[in-house]
Number of protein chains: 2
Amino acid sequence: MTKKNYTLKEIAQLAEVSRGTVDRVLHKRGRVSEEAQKRVEKILKEIDYKPNLFAKSLKTHKNYTICALIPEDSEGEYWQQCAKGVQKAEEELRQFGISISYVRYVSTLKEFKTKLTEAIEQIPDAFLIVPIFHEPLKDLYRKAEDLKKPIALINSEVESLEPVTFLGQAYKKSGKIAAQLMGYLTPPQQDKQLLVMHLGIKSGHASHLTEKEDGFRSYFAAHHPYVTIKTISSTSIEDFVDTDFDLSHIAGIYVTTSKIHQLEGILKKHPHIQAIGYDLTAKNTTCLKNGTVKMLLNQNPELQGHQGITSLSELLLYSKSIPKRNLLRVDIVVAENLDEFS
Amino acid sequence: MTKKNYTLKEIAQLAEVSRGTVDRVLHKRGRVSEEAQKRVEKILKEIDYKPNLFAKSLKTHKNYTICALIPEDSEGEYWQQCAKGVQKAEEELRQFGISISYVRYVSTLKEFKTKLTEAIEQIPDAFLIVPIFHEPLKDLYRKAEDLKKPIALINSEVESLEPVTFLGQAYKKSGKIAAQLMGYLTPPQQDKQLLVMHLGIKSGHASHLTEKEDGFRSYFAAHHPYVTIKTISSTSIEDFVDTDFDLSHIAGIYVTTSKIHQLEGILKKHPHIQAIGYDLTAKNTTCLKNGTVKMLLNQNPELQGHQGITSLSELLLYSKSIPKRNLLRVDIVVAENLDEFS
DNA sequence: TTCAACTGTGTTCACGAGCACACATTACAA
DNA sequence: TTGTAATGTGTGCTCGTGAACACAGTTGAA
């Protein structure tokens, strides 16, 4: 039951060699006679040797730097929350020699490229990246792979590039969850009409949004096929307001981005519309509190940042293998449990 | 920005004393002149000294044992989930010299007493206890306080006894959350009737259940005062079924315990009734999947167990202060996001 | 006055792993 | 045969901490 933790010294005694020899066998540094090699390996097989991490870290006390490339954002907003999680992880891991180099960028392609280059030039021991743009990353990949620096990606996967770990959500399922909740919120009726809105998307990299839509639609197709679902994409809510879209028959709106707060005015005019959106930003939580938005799905950016750093740290410190994809839970948030998420 | 991690030697140099003196100040072992004391304390205030945990653990190499006293339960059930969280924490903390001694008990007063005595006789370094019965605990308290062993309580607080930390929920809020969800699930109508049920309670220690009820009622009183709410307490569902209680006007049932699965038959007969209950037990999740129960509130027993152990460990390892009450989040679970909680 | 006890201070050792280095042994070319 | 690599092997030092120890200086009681 209680496994003993053997030390190098004990193994050396058992194999009747010196500490140095055992060490050489373990680290495959050669200079060991066949006979000694065999004896040590035999002992090593019998016992499950695990080096004492305390002693190891104490000795090799390396200071690892992880470069975190995260979009600039204002206090309380999505990426700021993510950065907060990174900071929290940094505090916890500081004593283990982990430090973070923060590189924030405003969301333009040019800036992203500049900052990415900047990040690479720092030659950190690992990267944590929120890839709003995908093209420039391929360059990093080539360089990082040459240097064997691990990369963690947050929020969106980049096609054809394999990060060490990906932190994000199961987006299709996220859509299904939203759909079930929407089903509960809206009264059952034959001609129910719903709206899926991709609000405020900038670039073409929005596959995770369409995945959410797929999930949303597939739920209703399976459970309530009579429901009509329309989709609207628009960078700005103004484009939408200008059209004479008739909202009187719409029972609910599902916004796949964090911009549901832009609908506040519309929802006030049409209180019968049930609205579900994403993310606990300041503006969104206001809507949740005043009842214009019924539910928000929290994608846990803080946890994403936190886990990204801890995963990379475990890799650096203990060479611990980490999961390829770390799909985090989506929290269902209503007004009454909002304060549990602060 | 990047704070340095100072060592005893460096502090000694700054304060112009020897390492030993700094050590004596830090550990309050006396034998330090006032002057030296002041100098060292001044430096310590300026920098935020955190001892190198690796070196510390390497040297002291203490093996702490935490005794976990948790009710016996079958696989996948509530207390089993709690034990799972404890186990997970144990794995993470094994390298730091933390080990757990599991003491499981079947829920009878006699057994609880026996096992509690057994636990105390082991003289562990800390206790993690699920107190189904409150009386016998007072004995432990006296003994544990004599030995200065910290105690963490899970799930229910014991009146007049102060544990080092309490892990649980804000029960009144929990009731409010359930109420808001019930409000969303049941169609708005003037004569809406709801039911609060305390199913399967055994002893008189059910204050957390009435707290939930209070929260539930206060929400409706504030937001929908026209709603009628009735309360039913019964140890077994049979008592309830036998009465000719008319369910046709009941719009929703809120079960404050984890026994909502007992209503499955009734809910099948009255599909119009919206049901909300607690905890992701095997039987409950079945009901969630087949739609008889619409929502479950997950009280996160796994996280309770996990955080209980990590809190105690931090106390033992770093003498870190831990919050008196650690109120964990309640997760809202529907069928579609159920598998995110396994 | 003398010696024990006490005080304040610095030094040393041990923990386990990693690595450099010193030493011993063998091999092989000059 | 001698010199010089190459190959094994063991020892010693280091990391930062905690605790024991050594030691000088001071106090106080006999």
Side-chain angles (χ1 to χ4, degrees), chain A residues 3-44 47-64 93-98 316-320, chain B residues 3-41 43-44 47-64 94-98 316-320:
Chain A
K3 285 169 268 176
K4 189 179 180 334
N5 256 335
Y6 289 86
T7 68
L8 278 189
K9 208 166 110 189
E10 289 169 321
I11 294 171
Q13 278 167 357
L14 287 169
E16 292 175 313
V17 291
S18 73
R19 274 175 37 226
T21 305
V22 179
D23 186 68
R24 274 184 287 272
V25 171
L26 281 168
H27 295 84
K28 291 167 188 164
R29 297 206 239 103
R31 305 233 156 168
V32 181
S33 68
E34 259 185 67
E35 204 196 338
Q37 176 93 17
K38 266 187 197 167
R39 278 215 305 278
V40 174
E41 277 177 350
K42 185 168 169 256
I43 302 291
L44 286 177
I47 64 169
D48 172 34
Y49 173 69
K50 281 182 188 173
N52 183 320
L53 287 180
F54 295 134
K56 183 172 174 163
S57 300
L58 177 61
K59 186 64 185 71
T60 59
H61 200 261
K62 265 184 232 158
N63 264 28
Y64 294 104
L93 294 164
R94 184 165 62 98
Q95 57 182 324
F96 301 111
I98 300 286
L316 293 172
L317 290 171
Y318 315 110
S319 312
K320 186 173 166 182
Chain B
K3 286 168 265 178
K4 190 179 179 336
N5 257 334
Y6 289 85
T7 68
L8 279 188
K9 208 166 112 188
E10 288 168 322
I11 294 172
Q13 279 167 355
L14 288 169
E16 292 175 312
V17 291
S18 75
R19 262 188 42 213
T21 305
V22 180
D23 187 67
R24 276 183 287 270
V25 172
L26 281 169
H27 295 84
K28 291 167 189 165
R29 297 205 243 107
R31 305 232 158 168
V32 181
S33 67
E34 260 186 64
E35 204 196 339
Q37 177 94 16
K38 267 187 198 167
R39 278 216 304 278
V40 173
E41 276 176 350
I43 302 291
L44 286 177
I47 64 170
D48 170 36
Y49 173 70
K50 281 184 184 172
N52 184 316
L53 196 74
F54 292 138
K56 182 174 172 166
S57 300
L58 177 61
K59 188 66 184 66
T60 56
H61 205 260
K62 259 184 243 163
N63 267 29
Y64 293 104
R94 193 175 25 213
Q95 58 183 326
F96 299 111
I98 302 286
L316 293 172
L317 291 171
Y318 324 93
S319 313
K320 187 173 164 182

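Residue numbering restarts at 1 for every chain, and letters A, B, ... go by the order of the sequence lines.
- In this structure, the separation between CZ on A/Phe54 and OG1 on B/Thr60 is 8.0 Å, given to the nearest 0.5 Å.
- With sequence neighbours excluded, the residues satisfying salt bridge (Lys or Arg N to Asp or Glu O under 4.0 Å) with A/Lys42 are A/Glu46.
- Nucleotides of DNA chain C that come within less than 4.0 Å of any heavy atom of chain A span, from the 5' end to the 3' end, C/dG16 to C/dC19.
- The salt bridge (Lys or Arg N to Asp or Glu O under 4.0 Å) check on A/Glu10 picks up A/Lys4, with sequence neighbours excluded.
- Legend: residues meeting side-chain hydrogen bond (donor to acceptor under 3.5 Å, both in side chains) with B/Glu34, ordered by chain and number and at least two apart, are absent.
- Residue pairs meeting the salt bridge (charged side-chain N to carboxylate O under 4.0 Å, His left out) criterion with at least one partner in residues 14-26 of chain A, sequence neighbours excluded, are A/Asp23-A/Arg29.
- Contacts of B/Ile11 classified as side-chain contact (heavy atoms from CB on, under 4.5 Å), with partners at least two apart in sequence or in another chain: B/Tyr6, B/Val22, B/Ile43, B/Leu44, B/Ile47, B/Tyr49.
- One axis for each end of the helix from C/dT1-D/dA30 to C/dA30-D/dT1, each built from five base pairs, and the angle between them comes to 70° at 10° resolution.
- You'll find the side chain of B/Val25 stays beyond 4.5 Å of the side chain of B/Val17, heavy atoms only.
- As judged by a 4.0 angstrom heavy-atom cut-off over every strand, A/Lys59 is placed among the base-contacting residues.
- Annotation: proximity of residues 7-24 of chain B to DNA chain C (heavy atom, distance under 4.0 Å) is found for B/Val17, B/Ser18, B/Arg19, B/Gly20, B/Thr21, B/Arg24, numbered in ascending order.
- A/Ala55 is linked by a side-chain contact (heavy atoms from CB on, under 4.5 Å) to A/Asn52, B/Leu58, counting only residues two or more places apart in sequence or in another chain.
- Between atom CD of residue B/Gln37 and atom OG1 of residue B/Thr21 there is a gap of 10.0 Å, rounded to the nearest 0.5 Å.
- In terms of heavy atoms, A/Ser18 sits closest to A/Ala12 at C-CB, 3.6 Å.
- Legend: residues meeting side-chain hydrogen bond (donor to acceptor under 3.5 Å, both in side chains) with A/Ser57, ordered by chain and number and at least two apart, are absent.
- Between the CG atom in B/Leu316 and the CG atom in B/Asn63 there is a gap of 11.5 Å [rounded to 0.5 Å].
- In this structure B/Gln13 satisfies the side-chain hydrogen bond (donor to acceptor under 3.5 Å, both in side chains) test with no other residue, sequence neighbours excluded.
- Nucleotides of DNA chain D lying under 4.0 Å from heavy atoms of chain A occupy a range whose first and last members, 5' to 3', are D/dT7 to D/dG16.
- Residue-to-nucleotide proximity on DNA chain C shows that, of B/Glu35 and B/Ala55, the 5′-proximal contact is made by B/Glu35.
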